[in-house]
Amino acid sequence: MSDLLDFLNPQQQQAVAAALGPTLVLAGPGSGKTRVLTYRIAYLIGALNVPAYRILAVTFTNKAARQMEDRVQKLIGEQVSGLWLGTFHSVCGRILRREADLLPVNQNFVIFDANDQLALMKEIVRESNLDEKLYRPSSLLDAISRAKNDLIEPENYPVRNFRDEQVQRFFIQYQQRLVKNNAMDFDDMLVYTNRILEDYPVVRETYGHKFEHILVDEFQDTNLAQYAILRLLAQKNRNLYVVGDEDQSIYRWRGADYRNILRFQQDFKDAKTILLEQNYRSTQNILDGAMAVIDHNRNRTAKKLFTDAKRGEKINLIIAQDDREEADLVVSAIHNAITHQKLSPGSFAIMYRTNAQSRLLEEAFRRVGMSYRLVGAQRFYGRREVKDLIAFMRLVYNPMDEVSLRRVINLPPRGIGDKTVEKVANLAARENLSMGETLLGLAAGNPDLHEALGREASRLAAFGRMLRSWRDCAEKNPITVLFDRILEDVGYQAHIQDQSEEGLDRWENVLELRMVALEYEEQGLQAFLESMALVADQDTLPETIDAPTMLTLHAAKGLEFDQVFITGLDEMLLPHSRSRDDEEDLAEERRLLYVGITRARKRLTLTRARRRRSPYGSYEETIPCRFLDDIPAELLQGSPQDIPGRFSYGRDSGYSRWETPSWMRSAPPLREAPKTRYKPGMQVQHATYGRGVVKASKLEHGDETVEVYFEGFGLKALVASLAKLEIL
DNA sequence: GCATCGGATTTTTTT
DNA sequence: AATCCGATGC
């Protein structure tokens, strides 16, 4: 086990073999942060003979957790069992299930995701008879989430004006309703865990004793609630080992507070601090560029990153005429590099600020017929049919879940409309039951309930019986049996496969979900539902296909690629329009770019577009991202004569002379431009506008856009496939 | 109760 | 552009 340390540099060794007690590892990007953490765990187990079950390791994503588990496994060589390793939320979930007796919900509680939260809040707002425009459910939830992350209880919600008063009222009601649903939201998982640790010394003692060692990754992205939990757990043994980098703090909007690093140093005065500054990832040029960007942020402990790596290639800069060209250039550059330089497709990553930006890239990839991996965005778990089925199963697991019940009670339509549902809700409230229990009671033949519901009773009872039979089924059978039963009983396939081609897609999603369920045969319904709630799809990415990866800058944290493209380096996108007014937000945008740049090992390409299609409306001129100005010109290549100071005062006249980097040269045409059906000068006939003359026609988004001048209507832009233009 | 149509409306990042 | 909501008509 002593040779464990042989593979590490002196700084890393020092970190891995640090004496017990509170320890803070400040690690720059690419300095082997994850490595240190995994080796530390292996060191504790292997060298110090700490039993694995006495260790708790917390990561930021499920994916990181899995990676770490794998690596520890490999280091130790034998099966590590009993080690608690997971995200804050999954760890809290585990504790809360065990200690459910102490909670206002029972052990079968479900976790409400963002959609469930919104559905519930909408209902509450509607019931309040207050203006839904003034009290937007999403902004209420936002305020509530912020409060929870700061461990503010509803009763203590700071009230400064009338609106706050209302928000507080909603906060209180929202919590009550969650309890009624036997549910909690993401933030509650932290809040409840903190509360039971705080309120019950026995619990604190139990877990404090159990977790002799606590290790935390991405510590800069913890929020106050998470920090409080850590502090309580570590109170006893004080072996809190945290790893972080304030320069990579990018989740402020979610309540993360990098000042937890300072809190840690204050609360644990004897904490050792270890700096990891040697970068093993990037070339010197990339590193220089990254540092140039981040050095502009104040309030940071300056780290001097260094590397033994070569200077490497300069940072490439691509300026496209518009966003579509930007996507094409990126894709063709990748295509070239793969075909001419024989680089592996999997070594490429394209990053962007917002998920919406992936669309044009996807189209560009499809145009050249290349496959790609898309992280996040089109969330599999966000698809309607997937959510439907999960709602069914959640209802089976927890009949008190009213949000799910409302979702599925009339799905597919079975004659139970809004009115009937409200009737059930009222009856349930009167009887002091949940709606689900009411239906189950009805199915059991309770005559009072039957009478109260009158005409609709039979249909409702039928649903109740179905629910009851599913519950029986779930008790005795694996999940997939339940899954199939539900599909069968409600005729779900027929429902989604009605007529369209889209139906086939949907059915495939259903089958895909079934495959996921299959993996939980052993662990059961609870584990399945919990993972559905806590596991984002970016964790479930198949890593098997060798293709370029597209992902947001946020999702890129913790990853690395040989070839990185960062697109959309324009104001409004990066920094994002919503972050431009607040200095702290702006600093975070800068860190975001820093994170992106430091993902690159060998080659970094930054791109922007002169014009961009705005959320709605036509093209708009863009302004170059202000952070570009901070990268010294000598680190850049691409359009040299334009580089110094050009970004802020773009004097380009729509024409740029590039010194194209060699690896980008000889781009094959992406495809021969398909011919447009309509030509300038053609006479056409339109149903509404009548006769007109084609002025221009171009291909866009795989479709033809025709500009036609109509007598009396002027110039109109029409989509050829929709407009039913007749050529005369 | 249900389906369809038209109008309005939009959050950036995610456990 | 895409989705969601409400109103309308069946």
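Naming convention: chains lettered A, B, ... in sequence-line order (proteins, then strands); numbering from 1 in each chain.
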Using a cutoff of under 3.5 Å, can you pull out all pairs of nitrogen or oxygen atoms linking the protein to nucleotides 2-7 of chain B, with atom names and distances?
| unit_1 | atom_1 | unit_2 | atom_2 | d |
| --- | --- | --- | --- | --- |
| dC2(B) | OP1 | Gly415(A) | N | 2.8 |
| dC2(B) | OP2 | Asn410(A) | ND2 | 2.9 |

Show each protein N/O and nucleotides 4-8 of chain C N/O combination with a separation under 3.5 Å, one pair to a line.
| unit_1 | atom_1 | unit_2 | atom_2 | d |
| --- | --- | --- | --- | --- |
| dC5(C) | OP1 | Lys122(A) | NZ | 2.7 |

Can you measure [X] atom [atom1] to [N] atom [atom2] for me and round it to whole angstrom units?
X	N	atom1	atom2	value
Arg359(A)	dA1(C)	CZ	C1'	7 Å
Arg324(A)	dA1(C)	CZ	P	14 Å
Asn115(A)	dT15(B)	CG	P	14 Å
Glu530(A)	dT15(B)	CD	P	15 Å
Leu141(A)	dT14(B)	CG	P	18 Å
Leu360(A)	dA1(C)	CG	P	12 Å
Gln220(A)	dT15(B)	CD	C1'	15 Å
Arg254(A)	dT15(B)	CZ	P	6 Å

Is it the case that the side chains of [Y] and [X] hold a donor-acceptor pair, with the cut-off being a distance below 3.5 Å and no angle test?
X	Y	answer
Thr59(A)	Asp217(A)	no
Glu385(A)	Asn509(A)	yes
Thr622(A)	Arg612(A)	no

Could you check Ser139(A) against Ser90(A) and say which one's nearest nucleotide on DNA chain B is further toward the 5' end?
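First, find each residue's nearest nucleotide; the 5'-ward one identifies Ser139(A).
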If you assign each of Arg136(A) and Ile250(A) to its closest nucleotide in DNA chain B, which residue comes earlier from the 5' end?
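Counting from the 5' end, the first nearest nucleotide belongs to Arg136(A).
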Is the ring of His554(A) stacked on the base of dT13(B), with centres less than 5.5 Å apart and planes under 30° off?
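The ring of His554(A) is not stacked on dT13(B).
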Quick one: the side chain of Arg353(A) and the base of dT13(B), do they pair up donor-acceptor inside 3.5 Å?
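Such a pair exists between side chain and base.
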With [X], which residues qualify under side-chain hydrogen bond (donor to acceptor under 3.5 Å, both in side chains), at least two apart?
X	answer
Tyr227(A)	Asp267(A)
Tyr135(A)	none
Glu153(A)	Arg195(A)

Mind checking if Phe88(A) touches a base, just sugar-phosphate, or nothing, with heavy atoms under 4.0 Å?
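The answer is nothing, as Phe88(A) stays clear of every strand by at least 4.0 Å.
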Under 4.0 angstrom, heavy atoms only, what part of the nucleic acid is Ser577(A) near: base, sugar-phosphate, or nothing?
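Result for Ser577(A) = nothing.
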Start with the C-alpha distance between Asp257(A) and Arg263(A), add both sets of side-chain angles, then the distance that settles salt bridge (Lys or Arg N to Asp or Glu O under 4.0 Å), and finish with yes or no.
CA-CA 10 Å; Asp257(A) 187 354; Arg263(A) 292 202 180 98; 3.3 Å; yes
For dT14(B), does either OP1 or OP2 sit under 4.0 Å from a side-chain N or O belonging to Thr61(A)?
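For dT14(B), OP1/OP2 do not have a side-chain N/O of Thr61(A) under 4.0 Å.
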Are any of Asn355(A)'s side-chain N or O atoms less than 4.0 Å away from OP1 or OP2 of dT14(B)?
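Yes, because at least one side-chain N or O of Asn355(A) sits under 4.0 Å from OP1 or OP2 of dT14(B).
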Using every non-hydrogen atom in the two residues, find where Ile229(A) and Cys92(A) come nearest and quote the distance to one decimal.
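Closest pair (atom of Ile229(A), atom of Cys92(A), distance): CD1-SG, 4.0 Å.
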State which of dT14(B), dT15(B), dG1(B) makes the closest approach to the side chain of Phe186(A).
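Nearest nucleotide to the side chain: dT15(B).
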If you check every side-chain atom of Thr552(A), which of dT12(B), dG1(B), dT14(B) has the closest atom?
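Minimum distance to the Thr552(A) side chain belongs to dT14(B).
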Pairs involving residues 453-464 of chain A, ordered by first then second residue, that meet side chain to side chain donor-acceptor pair (under 3.5 Å) (sequence neighbours left out)
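Only Lys423(A)-Glu456(A) qualify under side chain to side chain donor-acceptor pair (under 3.5 Å).
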Aromatic Phe264(A) / basic Arg259(A) pairing, under 6.0 angstrom, 45° off normal
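Checked: cation-pi criterion not met.
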